[in-house]
Amino acid sequence: MTEPHKQPLKGRGELRTQPPPTRSHETALAAEPSAQPQNAANANRPPLRIGIRIPPCDRADRVVETVRHADSLGFDDAWFPDSQLLWRDVFTTLTAAALGTERIGLGTAVTNLATRHPAVVASAARSVAELAPGRFKLGLGVGNSSVGPVGLRQTTSAEMREGLGLLRALLNGEEWEFEGKVRSRLRDPGAGVPLHLAASGPRNLRLAGEIADGVILLSGISPATLATATARVREGAETAGRAADAIPLTVSSFCAVTDDVAAEARLLKPICASIAQNGGASFLALAGIDVDVPAHVEGIYPDLVHAEDWPRAVEICSAWISDENALRFAEEFCLFGTPARIAERLQALHTEGVTGVLLQHVGSYDPPTQLIEAIGEAVLPALSPSHHGKADAR
C-alpha cells in the first residue's frame, strides 16, 4: 500500500489546468522568421490556444449547444465558472459537455476548495476526465463569488499549497491522512489531470510557478501588469528548480469585437470598479486610471462583477469610473476593438510568452453567443489561414 501523506488537511486550496494540445491557432506572427522571439526557448512555445468562458447559466443540455457552437468555429477550450448560487452545477455541466463533444478542451475557470471539499473535487474531476480523455482541465481559485455569498473566506496561499498536494495525491491513487485521524484514498483514481492555479497577487503567482502545472493570469493583457505577473511566476519556478518557459500561461481577458470601443467600454465600469475595490488600484494606475471606490457599494446584487442588473451597476459605478477611465481600461487591459486589432494583440501576447487566452464577455447570465461568433468568424481565421471557411463548412 502506498505510504500515506502525514500532514492533515487544515484548509482549502486553489488550482487550475490546461489540456494537451489538440487543434491550436498558430499565430501568423510566429510564421515570419523576422518576427521570431530572440529567446530560443520561446521558439519552442506551444501554439496559442483560444478559449471562451461559458457560464452554466441554463440547463446543461442548452449550455452544451453553446459549447458545440464554439467547437464548430474552432475554439480550443471552453471554460466554465463555478458559483453555486449563481449558476447550475459546474460538474454537471461539464459532464454533459464531455458527452456532447469530442475535440474541444473543457475546464473549470474556476472552482474552489472552500465550498467544495478537496476530496469531493478530486472525485468530480476524475469523473469528468474519464469522459473526456486528455481534454479536461481542473482550474481552482480562491473562491470569490462562491465563498462571499455564504459567509466563507477566501483561500489562503498556505491552504492552496496543501490543497494542491492533496488533490495530486488522491488523483495519483495515493493515501492521504485527513485531520491526522483517517487514512483514505480515491478508488479508481484519475492521474494525468493537469492542475492550473488562477492567480493575481504576488504570493499566489509565485506559488503557481513553484507547484502548478500551469497558471491562469488574472492581470489582464496590459504589458506592464503582464510582465510583472509573469516575473513572479518565474521567481516561483526558479525557487523550485523548474523551467519557467515550460509552464503554460493562460491570460483571462474581457473581449468585445467592435468598431466603437468607447461605447462598449462603458459596460466595463463595474469590472474596473471591482478591481479598484479589491486591491488592484495600483495596477489601474499604471494605465493612468486613478480611482477610489468604496469598500461596499449599495444597490448591486450579488457583487460588482456578477451584477444581475448590469445597466444599473454601470450607472452606479459611473460615480467613480468615468467614461474616459472605462475606455482606458478597455484599451489597456482588455481585448476590445476590430477583428484585426484583436488578432494583432493576440499575436503580441503569444510572442511575449502567453500560451493561451480565456476570453470573457461582459455578463454572467447569458451565453456568449455573440462573442463566439465574432471571434470564430473574423478573428480565428486571421490567426491561422487554415481556419478560413470553417464556419461556412459546418
| Side-chain donor-acceptor pair present, Gln360, Ser252, cut-off under 3.5 Å | yes
| remark: The reported gap from CG in Leu349 to OG1 in Thr250 (rounded to nearest 0.5 angstrom) is 11.5 Å
| Is there a side-chain contact between Val305 and Ile271, using heavy atoms and a 4.5 Å cut-off? | yes
| Donor-acceptor under 3.5 Å (Thr355 side chain, Leu249 main chain) | yes
| task | Salt-bridge test for Arg266 and Asp260: reply yes if a basic N is under 4.0 Å from a carboxylate O, no otherwise. | result | no
| Is a donor on one side and an acceptor on the other found under 3.5 Å between the side chain of Arg88 and the backbone of Cys57? | yes
| query | Are any side-chain N or O atoms of Arg232 and backbone N or O atoms of Arg203, one a donor and one an acceptor, separated by less than 3.5 Å? | reply | no
| request: Please name the pair of heavy atoms, one in Ala119 and one in Leu170, separated by the smallest distance, quoted to 0.1 Å. | output: CA-CD1, 3.9 Å
| field | Test log, rule side-chain contact (heavy atoms from CB on, under 4.5 Å), inputs Gln84 and Ser146 | value | CA-CA 6 Å; Gln84 69 280 350; Ser146 292; 3.6 Å; yes
| Glu210 side chain to Thr239 side chain, donor-acceptor N/O pair below 3.5 angstrom | no
| task | Quick one: pull up CD in Gln347 and CD in Glu352 and give me the separation to the nearest 0.5 Å. | result | 12.0 Å
| field | Rounded distance (nearest 0.5 Å) linking atom CG of Asp58 with atom CG of Asp366 | value | 10.5 Å
| Taking NZ, NE, NH1 and NH2 as the nitrogens, is one of them in Arg135 or Asp77 under 4.0 Å from a carboxylate oxygen of the other? | no
| query | Phe329, Val357: one ILVMFWY side-chain cluster at the under-4.5 Å cut-off? | reply | no
| request: Could you tell me whether a side-chain N or O of Thr225 sits under 3.5 Å from a main-chain N or O of Ser219, the two making a donor and an acceptor? | output: yes
| query | If you round to the nearest 0.5 Å, how far is OG of Ser200 from CG of Leu218? | reply | 5.5 Å
| request: Looking only at non-hydrogen atoms, find the nearest pair between Glu308 and Tyr365 and report the distance. | output: CA-CE1, 3.8 Å
| query | Is the Trp87 ring parallel, tilted or perpendicular to the His306 ring (thresholds 30°, 60°)? | reply | perpendicular
| query | Any donor and acceptor pair, going by atom type alone, linking the side chain of Asn325 with main-chain N or O of Ile321 inside 3.5 Å? | reply | no
| query | Salt bridge check: are Arg312 and Glu315 linked by an N-O gap of less than 4.0 Å? | reply | yes
| Any salt bridge between Arg206 and Glu238, counting N to O under 4.0 Å? | no
| request: Would you indicate whether the side-chain heavy atoms of Pro368 and Arg53 approach each other to under 4.5 Å? | output: no
| What distance separates Leu327 CG from Glu264 CD, expressed to the nearest 0.5 Å? | 12.0 Å
| query | Between Thr108 and Val110, is there a donor-acceptor pair closer than 3.5 Å when you use the side chain of the first and the backbone of the second? | reply | no
| query | When you check the gap from the basic side-chain N to the acidic O, do Glu324 and Arg328 get nearer than 4.0 Å? | reply | yes
| Approximate separation, where rounding is to 0.5 Å, of Leu94 CG and Ser127 OG | 11.5 Å
